[in-house]
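Reminder, nothing fancy here: chain letters follow the sequence lines and each chain counts from 1.
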Number of protein chains: 2
Amino acid sequence: MATTRSGPNLNRIATALGVSVATVSNALSNKGRVSAELVERIRTTAAALGYVPSQAGRALRTGRSGVLGLVLPDIANPLFPQIAQAIEYAASVAGYGVLIADSRGDIGMQTEAISRLVERGVDGMVIVPRRGTRIADAGCPVAVIDTSSTPGNTVSADHWQGGAEIARHLRDLGHRKILLIGASSASNVQNDRIGGIKSALDATVKTEVLWIEKIEERGGPGCLLGLADKVQQGFTAFAAVSDLHALRALTELQRAGVSVPDSASVTGFDDLIWAPVVSPALTTIRMDMATIAEIAITALVNAIEKGGPGEALADEPPPGSRLVTAERSRVPMQLVVRQSSGPPRPAKTNLSAENS
Amino acid sequence: MATTRSGPNLNRIATALGVSVATVSNALSNKGRVSAELVERIRTTAAALGYVPSQAGRALRTGRSGVLGLVLPDIANPLFPQIAQAIEYAASVAGYGVLIADSRGDIGMQTEAISRLVERGVDGMVIVPRRGTRIADAGCPVAVIDTSSTPGNTVSADHWQGGAEIARHLRDLGHRKILLIGASSASNVQNDRIGGIKSALDATVKTEVLWIEKIEERGGPGCLLGLADKVQQGFTAFAAVSDLHALRALTELQRAGVSVPDSASVTGFDDLIWAPVVSPALTTIRMDMATIAEIAITALVNAIEKGGPGEALADEPPPGSRLVTAERSRVPMQLVVRQSSGPPRPAKTNLSAENS
DNA sequence: ACGCGTTGATTAATCGTTTAATCAACGCGT
DNA sequence: ACGCGTTGATTAAACGATTAATCAACGCGT
């Protein structure tokens with residue numbers, strides 16, 4: 001079934017019309033000089049025969065497969081659907097297919113996954129690295145979506161600005177003691193988000209960072225984070241750097257009898273699928289994945305087709321992998337206010353429900 | 001960069017050794033008759049030159065692209081990471097790459113997405129339909145992963161049995177009034193799960209089905225489901241047909257001051273990523289996606305390579321799309337007991353924490 | 001009438017692999 | 001010594017598209 005087997009090819013169209021294959025090829029691709037009338041006839045019979053060009057033949061001749069690779073070292077990441085959908089859409093608009101590769105969390109398999117893609121002849125690849133793993137040269141243009149502070153990053157959400165948005169939101173609500181919840185201090189993305197939060201707050205607001213990884217070293221995976229104690233210590237807001245951790249915080253607080261948002265506010269990041277359906281619906285920050293994907297794909301396609309803008313990192317332009325760059329490398333994140341955030345301990349009002 | 005451009009090809013290896021390309025090809029693929037010694041020499045120089053076979057050349061000659069398509073009409077489905085990961089892994093083990101296609105929820109785009117894949121020359125495709133949409137013929141072998149009650153289904157989790165497992169778990173805990181929570185009565189999967197639950201319960205256990213879609217028609221998306229009232233009515237367990245709905249139920253109950261699992265049990269389906277981290281950790285049912293994917297891919301690859309077992313639906317074997325079949329079509333689901341389920345209203349004990 | 005540029009189409013080579021057909025030795029039985 | 005099967009390697013023809021080079025008319029100015 002590969003690539004139009006048994007289906008009509010250029011030859012069949014050519015003989016059907018009594019012309020040469022070259023003419024047919026030219027007519028269908030607007031290349032050489034073919035009379036308008038003949039183009040018309042070729043087009044119609046091609047359509048009538050249900051002609052579909054063979055990617056294999058074209059790839060062999062042109063050296064382009066029309067396929068991009070998408071490498072997700074951590075496919076279990078709940079952001080994956082958003083990313084895959086956006087990348088697939090942007091790629092298909094640009095006329096490319098998307099081949100997925102997964103290293104199943106294992107860093108060593110990332111290299112293998114990449115080489116699998118290369119063997120399949122991808123023209124370029126989009127890599128969403130986890131925790132700043134180094135990208136070995138792939139021998140083709142590569143776009144990296146991570147965060148601005150990662151060297152070689154092509155484009156990403158402006159996690160720093162996103163953090164600042166959340167911080168201002170909580171500060172304006174009146175919170176003065178905020179607990180920041182992250183998973184791993186090794187993640188560039190999480191560090192940027194936390195950095196952004198802190199940067200937007202002056203000395204009147206106290207913050208403290210809680211790393212889940214640290215706590216789970218003792219308590220085991222899924223253990224309680226001790227947030228009820230934090231409430232006792234005066235924290236009125238809990239800003240997690242991912243909706244996953246926000247969810248954990250939310251349920252832990254509720255279970256401990258802390259009412260949200262009345263007694264404590266909880267915010268997340270990424271607007272994952274469950275953010276609107278939990279109760280109270282989660283205030284969070286959404287990344288514009290569609291725009292990010294479009295920028296990444298555009299940069300990648302430029303590098304592929306023109307050898308155009310972007311081959312950064314100063315070394316060898318033609319060989320090795322070329323990390324592509326884009327003019328816009330930070331896409332703003334958007335605050336989504338729902339019910340999980342509100343002013344700290346106001347007697348009993350039932351507040352803030354803009355979005356959702 | 002497509003397909004080993006500029007890289008060494010068979011010809012280069014052949015001239016380097018002073019043999020013919022055919023011999024090299026035969027040596028590398030164990031086909032024709034080549035002396036063991038020569039095979040050895042060819043292998044080593046091929047490796048030394050970093051030879052990677054050109055998929056394009058091979059595809060053109062053999063009519064096989066070595067690529068499968070994965071069609072997800074509802075990519076926003078949180079199950080997607082599990083599915084994509086399992087399919088990608090099974091496919092790569094079988095020597096195939098996976099091209100993703102997404103119809104962004106729109107049913108009309110499903111056909112377009114499929115034809116995009118066909119144009120790219122996929123050898124076959126795996127389709128995970130949403131709500132029993134019909135699959136137009138794709139012109140290549142197709143494996144369908146949905147549920148047993150869907151006509152043409154190739155393989156899937158045994159949702160019915162999964163439902164029965166959950167039902168027995170709750171019954172054995174002592175629950176006698178269980179609320180079943182589903183999203184849409186149009187979903188075959190959800191109906192099978194609910195059917196399975198009911199089938200395992202005798203008349204001593206009362207059940208009632210709550211369809212979220214119906215409630216949201218009035219209350220709007222994300223509205224409260226009125227579960228606190230249900231508790232008043234004597235329901236002690238809430239069995240959702242997806243972790244997403246279980247999560248919604250859990251947070252709604254907790255927010256209403258109903259303690260879980262002391263005053264009410266909540267269970268889900270699918271063991272999505274947040275199931276272990278919410279508090280209390282969610283009791284749920286896990287599907288063995290790895291096995292399902294392996295069965296689907298095996299059946300698909302059989303159909304592709306041998307024209308082997310499976311071309312169902314009685315009509316034309318060679319043309320049209322061929323829905324493949326597998327010997328095993330139902331893969332059992334596995335109960336994962338965590339903290340969100342327990343016996344109904346036992347005075348004050350702090351119970352059941354097997355798994356997690 | 002001759003040369004020349006333009007238009008419109010064809011010829012043929014090429015991409016890299018697979019594979020059927022062919023061919024050259026060589027050993028061996030008769 | 002001749003024929004014959006076997007082994008080990010080569011030749012050459014595909015697969016389907018792209019594209020540079022070529023070629024046949026034709027119109028037109030001088």
Could you tell me how far apart [X] ([atom1]) and [N] ([atom2]) are, to the nearest whole angstrom?
X     : N      : atom1 : atom2 : result
A:I13 : D:dG16 : CD1   : P     : 12 Å
A:R61 : C:dT14 : CZ    : P     : 9 Å
B:Q55 : C:dG16 : CD    : P     : 14 Å
A:N11 : D:dA14 : CG    : P     : 12 Å
A:Y51 : D:dG16 : OH    : P     : 10 Å
B:N9  : C:dT14 : CG    : P     : 14 Å
A:R64 : D:dG16 : CZ    : C1'   : 18 Å
B:L60 : C:dT17 : CG    : P     : 12 Å

>> Is there a side-chain contact between B:K31 and the phosphate of C:dT18, meaning an N or O under 4.0 Å from OP1 or OP2?
In response: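 So the side chain of B:K31 is outside the cut-off, no N or O lying under 4.0 Å from OP1 or OP2 of C:dT18.
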
Is it true that a side-chain atom of [X] and a backbone atom of [Y] form a donor plus acceptor pair closer than 3.5 Å?
X      : Y      : result
A:T45  : A:A48  : no
B:T23  : B:V19  : no
A:R330 : A:T147 : no

> B:N153 and B:T150: side-chain donor and acceptor closer than 3.5 Å?
Replying inline: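 Note: B:N153 and B:T150 side chains miss the donor-acceptor criterion.
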
Looking at every non-hydrogen atom in both residues, tell me the closest pair between [X] and [Y] and how far apart they are.
X      : Y      : answer
A:G152 : A:L323 : CA-CD1, 4.0 Å
B:S65  : B:Q55  : O-OE1, 4.0 Å
A:D123 : A:G66  : OD2-N, 2.6 Å
A:I292 : A:A157 : CD1-N, 3.4 Å

>> Suppose we screen for side-chain hydrogen bond (donor to acceptor under 3.5 Å, both in side chains). Which residues come up paired with B:S35, at least two apart in sequence or across chains?
In response: none

When you compare the protein's N or O atoms with those of nucleotides 6-10 of chain D, which come within less than 3.5 Å of each other, and at what distance?
residue: D:dG8; atom: N7; partner: B:R33; partner atom: NE; Å: 3.2
residue: D:dG8; atom: O6; partner: B:R33; partner atom: NH2; Å: 3.3
residue: D:dA9; atom: OP1; partner: B:S35; partner atom: OG; Å: 3.0
residue: D:dA9; atom: OP2; partner: B:S35; partner atom: N; Å: 2.5
residue: D:dA9; atom: OP2; partner: B:S35; partner atom: OG; Å: 3.2
residue: D:dT10; atom: OP1; partner: B:S20; partner atom: N; Å: 3.4
residue: D:dT10; atom: OP2; partner: B:S20; partner atom: N; Å: 3.1
residue: D:dT10; atom: OP2; partner: B:S20; partner atom: OG; Å: 2.9
residue: D:dT10; atom: OP2; partner: B:T23; partner atom: OG1; Å: 2.3

> Should stems be defined as at least three consecutive Watson-Crick or G-U pairs with both distances under 3.5 angstrom, which of them involve DNA chain C?
Replying inline: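 DNA chain C stems, ordered by first number: C:1-30 with D:1-30.
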
>> Counting distance alone, no hydrogens or angles: does the base of C:dT18 have a donor or acceptor under 3.5 Å from a partner atom on the side chain of B:R58?
In response: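 For B:R58, whose side chain was compared with the base of C:dT18, there is no donor-acceptor pair (under 3.5 Å).
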
